[in-house]
Amino acid sequence: QVQLVEYGGGLVQAGGSLRLSCAASGRTFSRNVMGWFRQAPGKEREFVAFINWSGGNTHYADSVKGRFSISRDNAKNAVYLQMNSLKPEDTAVYYCAARAINQYSVRTPDYDYWGQGTQVTVSS
């Protein structure tokens, strides 16, 4: 059974930092695109960032560019999201996701595997 489990969410003040981790089990994702999405209350789930299988290609939503950084460790079957200069509007449940194929996408329906989410709350 494939599982993605997120860690590292919490409450932080505006301007602070958090690092989210996502551990995969049940299969290896070392050759797959992996991404982070988020969903704020009353809003649709939205793309945050993705990373290709080698880590050499990344892409970010405009709203987080320059503040967030995605990385991965294929030996650990894990992906990370470093979030700096956090803003109250970054408050959301953050989800780790993986595609079954190694093709880039910012679309939620294109991702085949999802974690349960971790809450990030940024206070002003």
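When a residue number appears, it is its place in the shown sequence, counting from 1.
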Practice prompt. Check ring pair (Phe, Tyr, Trp, His ring centres under 6.0 Å) between Tyr95 and all other residues, then give those that pass, not counting sequence neighbours.
Written response: none

Worksheet, complete the sentence: So CD of Gln82 and OG of Ser21: to nearest 0.5 Å the spacing works out to 9.5 Å

Item to complete: Looking only at non-hydrogen atoms, find the nearest pair between Val2 and Arg27 and report the distance.
Response: CG2-CG, 3.6 Å

Practice prompt. Quick one: closest heavy-atom pair of Ala14 and Pro88, and the distance?
Written response: CB-CD, 4.1 Å

Discussion item. Can a donor-acceptor pair be found, under 3.5 Å and without considering hydrogens, that links the side chain of Thr121 to the backbone of Thr91?
Written reply: no

Practice prompt. Could you tell me which non-hydrogen atom of Ile70 sits nearest to which non-hydrogen atom of Gly35, and how far apart they are?
Written response: CD1-CA, 4.4 Å

Worksheet item: Does one hydrophobic cluster hold both Val64 and Val12, with members joined at side-chain heavy-atom distances below 4.5 Å?
Response: yes

Item to complete: Evaluate the criterion ring-ring contact (aromatic ring centres under 6.0 Å, His included) for residue pair Phe68 and Tyr60; output intermediate values, then yes/no.
Response: CA-CA 8 Å; Phe68 290 12; Tyr60 300 90; 8.1 Å; no

Discussion item. Quick test of your reading of the model: are Asp90 and Lys87 salt-bridged, counting only N-O distances below 4.0 Å?
Written reply: no

Item to complete: Kindly say whether Asn57 contributes a backbone atom to a donor-acceptor pair with the side chain of Asn52 at under 3.5 angstrom?
Response: yes

Worksheet item: Which heavy atom in Ala24 sits nearest to a heavy atom in Leu4, and how many Å separate them?
Response: CB-CD2, 3.4 Å

Worksheet item: Just how far is it from atom CG of Leu20 to atom OH of Tyr7, taken to the nearest 0.5 Å?
Response: 12.5 Å

Practice prompt. State plainly whether one hydrophobic cluster holds both Tyr111 and Tyr104, where clusters connect Ile, Leu, Val, Met, Phe, Trp and Tyr through side-chain heavy atoms under 4.5 angstrom apart.
Written response: yes

Item to complete: Please name the pair of heavy atoms, one in Ala49 and one in Leu81, separated by the smallest distance, quoted to 0.1 Å.
Response: CB-CD1, 4.5 Å

Worksheet item: Distance from Asp112 atom CG to Arg99 atom CZ, nearest 0.5 Å?
Response: 6.5 Å

Worksheet item: What is the distance from atom OG1 of Thr58 to atom CZ of Arg72, rounded to the nearest 0.5 Å?
Response: 11.5 Å

Practice prompt. Verify the neighbour count for atom NZ of Lys65: are there more than 12 heavy atoms of other residues, nucleotides or ligands below 6.0 Å?
Written response: yes

Worksheet item: With side chains defined as the heavy atoms from C-beta onward, is the minimum distance between Phe29 and Val79 less than 4.5 Å?
Response: no

Worksheet, complete the sentence: Correct closest heavy-atom pair for Gly115 and Glu6 would be CA-OE2, 3.2 Å

Discussion item. Is there a side chain to side chain donor-acceptor pair (under 3.5 Å) between Gln103 and Ser105? Walk through the geometry before answering.
Written reply: CA-CA 7 Å; Gln103 288 185 2; Ser105 176; over 6 Å; no

Worksheet item: Out of curiosity, Arg67 CZ to Ser17 OG, how far, rounded to the nearest 0.5 Å?
Response: 10.0 Å

Discussion item. Check for me, please, whether Met34 and Trp36 land in the same ILVMFWY cluster - side-chain distances under 4.5 Å, paths through other members count.
Written reply: yes

Item to complete: Over 60° means perpendicular and under 30° means parallel, so classify the ring planes of Phe37 and Phe47, tilted if in between.
Response: perpendicular

Worksheet item: Is the closest side-chain heavy-atom distance between Val120 and Arg38 below 4.5 Å?
Response: no

Fill in: Single-linkage hydrophobic cluster Tyr80~Tyr113, side-chain heavy atoms < 4.5 angstrom
no

Discussion item. I need the Tyr94 OH to Met83 CE distance, nearest 0.5 Å.
Written reply: 5.5 Å

